[in-house]
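Below is one structure; the comments refer to it alone.
Since this is a predicted model, take the numbers as computed values, not measurements. Below, chain A is the first sequence line, B the second, and so on; all start at residue 1.
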Amino acid sequence: METTFFHVFRNTPPGREIFMQSLYFCKQTRASIKIYIPEFTKFLMYFDNDVVQVDLDESYLTQPATARSHAMALAVQAGVEPFFIPPMNFTALTLPDISVDFDFMCCPRCISDFSSKFSLGHIGPRVRRIVNAARFPVLIPSSQFKEWKSIMVFFGGSANAVNALNLGLYLSRTTGVPLDLFTQAGELSRSHFIDILKEHDLDEEVEASAREWHFFEKGKFEYNLFEVPHNALAVLGAYGHGLVKEMLFRSTMEMVQSTLTNPLLIAGPNYAVGSR
Amino acid sequence: MRKTIFWRYPARLSFFRMDDRLLLISIGVIVGLFSGLAAVGLNRSLIFMLEGLYHLRHLWWAFLLPAAGAMASSIFLEKIMKEGAGHGIPEVIYSVSRYGGLLRFRSSFSRLISSCLTIGSGGSAGPEAPVVMSGAAIGSTIARFFYLNDRQRTTLVGCGTAGAIAGIFNAPLTGLIFTMEIILGEWSMVNIIPIAVAAVAGAEISRILQGNSIAFESSGFHITGVDLFASLGLAVVAAFASILLTRGLRRMHGVSVKVKVPMWVKAAIGGAAVGVLGFFVPEVLGEGYHSIHDMIQGVFKGGIGIAALAFFAKIFATSLTLGWGGSGGIFAPCLVIGSFAGLAFHRVLAFGFPGTPLVNEGCFALLGMAGLISGILQAPLTGIFLILEITGSYEVMLPLIIVSVISTTVTHYFESDSFYHKDLRERGELLRPGTDSRVLADIGIREVIETDCITVPPHMLLREFFHLLKQSTRNYFPVEDPETGQFLGIVELGDVRSYIFNTVMYDTVFVEQIMNSNPDIIHYDDNLADVLETMDARGCFSMPVVSNNRFVGMVSKATLLDKYRDELNVQTSQAF
């Protein structure tokens, strides 16, 4: 089956940076890119048990006349054939529905939410809802395009982390890019994590594919993040907690995304490895 | 590991696994109560606004009140809540048809506030559609919270709708019937029971908080054969009024779309026009229930001319309010317009045939309401039960049935779909249960795709191709460029039949010479109903799925119909 990647195009310089990251991801993974050029500042995504209204800011409607040609030119330059998708249906006259039948989606940290105005560095609630509801992983790009030369999977032993590891292994296989693991072990021993890998029949594959396992028994997590190469794609699983819960209790995802400038690929709780 | 909170997944409890009706009834009560509360909340807010603005109505600038209300409503809905424009009920039907009743949480309160602003300030609209939207969104949100499946969620959306209608009109039966007839479009036992219970819960909470009163109590009517005969004529009048209102609303919306100003300016223009109209015909302002009350009681002071003028003015005002961006529904305007139609019709009869022993004009006002509701919604049962419950006039049952069914039939002759369904039908998004389009809409291309196909290169000789043919059980062979992987065409068994006995050609003909290089293809996003239609039109039994210029697999009619049958089984087995 063909791998598909969904991108909402924004015809501005920051939008171009994000689009170039999507194109690079597609080129690396040999996925086809489905581009949506919005005509309205909102659209709906109907997931299995949630409907997310994505409220875009006005910048997404910048110069609609040139948006398609700009996207086309960038895609051709990157060697990726672009496919422009229209809205699937309309829930209301100005409220299109976009298909969620993709394998990956690109989402900036904040699509439009008020939070982007005053708490830069946090993932907006709308993006969280998408991560939480989607069966596909979400690529959260960095502010500037940078090619990634390795994949760093954050593996903490949870079910979501196992999903993320599967995703990382898949990406490594597909792209040929080396895979590294990052584990903040705390008081847990290395054997504990190896047992988890064995439980999921991943031990041999990790042994064969992983270039390095950054295993930290000491040190604060945020300090240890310095070990993540600047040009790595960070892959991690997320529980899909809401913004308030995450800000109150913190989480690995929140810590990673607010500390690292790398592009992140987040596998939410509904991401199923087999669905790809 | 992610913790599973058992009470968030009640459908997984073994007690509910065998039969989830008890689960749906239990949650349906909660949904009905919340929907009833939403209805009461809107009702109270409207009373508060109407009373608050009452002392301003006599001022010369009072015509600006509907403009201000509509503008505020539009700004709230568009800029703050970021809702798409719409009356609400079509969105509920759409979500039930396509997405198992998934509705946004914000819809559970946004329309309540916006419609309160529009109607409370004098806009000609009703609170029922917003409250239905709210109830449906409450049902959907609660279903999502408990991780219920599509069918269960749809039932709870129905519960919310029924609870809302039952709460706003104090009419539980109408809530149930409106939901089955308009929203769900199917009468299944698995739905009726929880929805009925939710309707009772909605009505009961309304009775506790507002008292058990009949909205438009009548004084009792003595119906004779003459009245039954006259009701035939009224049914036709009501039908034409329904058509006029439907077309007026659509035409006005079409005009407003062409005006290139912001939505809130449009709403203000529409509101100001209604305000000016209301200056001369005050009956057009607001929901208009006061006028209905007067007419049913037989104390409406105006003559034939005033009733007729109010009839047309209310249609115009409703079209202006809703067509230009105000928020609200058409239920209440229909009742007002219908009662004016009934009243005017009675007075024309009384004027033309002075000696005829007709029933009180209030009865005709009541029948007119039923005729208009039935006509515009094309839902005769909703019309009949609504009027019975909000007037308590069970003695008018016979003419009520006559007016409702004839009005529905005549309206259907000119307007093939109800007001709520028309837009959806035109957009191809009205997928009623049990229909082909609904069954096919629930099947994705990925579910019917067959990938065990053998691809061949364009430069393959016919001899090699025949050799391959022996090993294959398929009749279609996609041709791919071996270097780029691009899909070039397809060879069907029928294309090579003429070469089979001509062995001379085996080493001289290449696959690319016999392939169909321009076949009809399917994309992932295609609708299966369209695919099936194309197959029928072209007389083909299989079509290739191509994505990104690459062959992905085949979709065959046989597999598609197998899947269709499975899906139909699933959908129909859920009905009982």
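Here the CD atom belonging to B:Glu78 is positioned 8.0 Å from the OG1 atom belonging to A:Thr41, to the nearest 0.5 angstrom. Atom CG of residue A:Asp50 and atom OH of residue B:Tyr147 lie 9.0 Å apart, to the nearest 0.5 angstrom. Distance check: A:Thr91 OG1 to B:Arg98 CZ gives 9.5 Å after rounding to the nearest 0.5 Å. Expressed to the nearest 0.5 Å, how far CG of A:Leu44 lies from CG of B:Leu102 amounts to 10.0 Å.
Looking at A:Asn49, its side chain does come within 3.5 Å of a backbone N or O of B:Arg144 through a donor-acceptor pair. The backbone N or O of B:Glu83 lies less than 3.5 Å from no partner atom in the side chain of A:Gln53, so there is not a single donor-acceptor pair.
For B:Phe419, the ring pair (Phe, Tyr, Trp, His ring centres under 6.0 Å) test picks out B:His87, with sequence neighbours left out.
Across all their heavy atoms, A:Asp48 and B:Asp150 have their closest contact at O-OD1, 4.1 Å.
Within a 6.0 Å radius of CD in B:Gln486, other residues, nucleotides and ligands contribute more than 12 heavy atoms. Taking a 6.0 Å sphere around CD of B:Glu483, one finds it holds 12 or fewer heavy atoms contributed by other residues, nucleotides or ligands.
Of residues 75-85 of chain A, those residues lying under 4.5 Å from chain B by any heavy-atom pair are A:Glu81, A:Phe83, A:Ile85.
Applying the salt bridge (charged side-chain N to carboxylate O under 4.0 Å, His left out) rule to pairs touching residues 92-102 of chain A yields A:Asp101-B:Arg446, sequence neighbours excluded. Counting only residues at least two apart or on different chains, no salt bridge (charged side-chain N to carboxylate O under 4.0 Å, His left out) pair has a member in residues 254-267 of chain B.
Residue contact with chain B, scored on non-hydrogen atoms closer than 4.5 Å, is absent for A:Phe40. Residue contact with chain A, scored on non-hydrogen atoms closer than 4.5 Å, is absent for B:Leu424. Heavy atoms closer than 4.5 Å to chain A are found nowhere in B:Arg550, neither backbone nor side chain. B:Asn527 does not touch chain A: none of its heavy atoms, backbone or side chain, sits under 4.5 Å away. With a threshold of 4.5 angstrom between heavy atoms, B:His253 approaches chain A through side-chain atoms but not through N, CA, C or O.
By the 30° and 60° cut-offs, the orientation of the rings of B:Tyr99 relative to A:Tyr46 is parallel.
In this structure, the side chains of B:Arg427 and A:Asn89 stay at 4.5 Å or more apart for every pair of heavy atoms.
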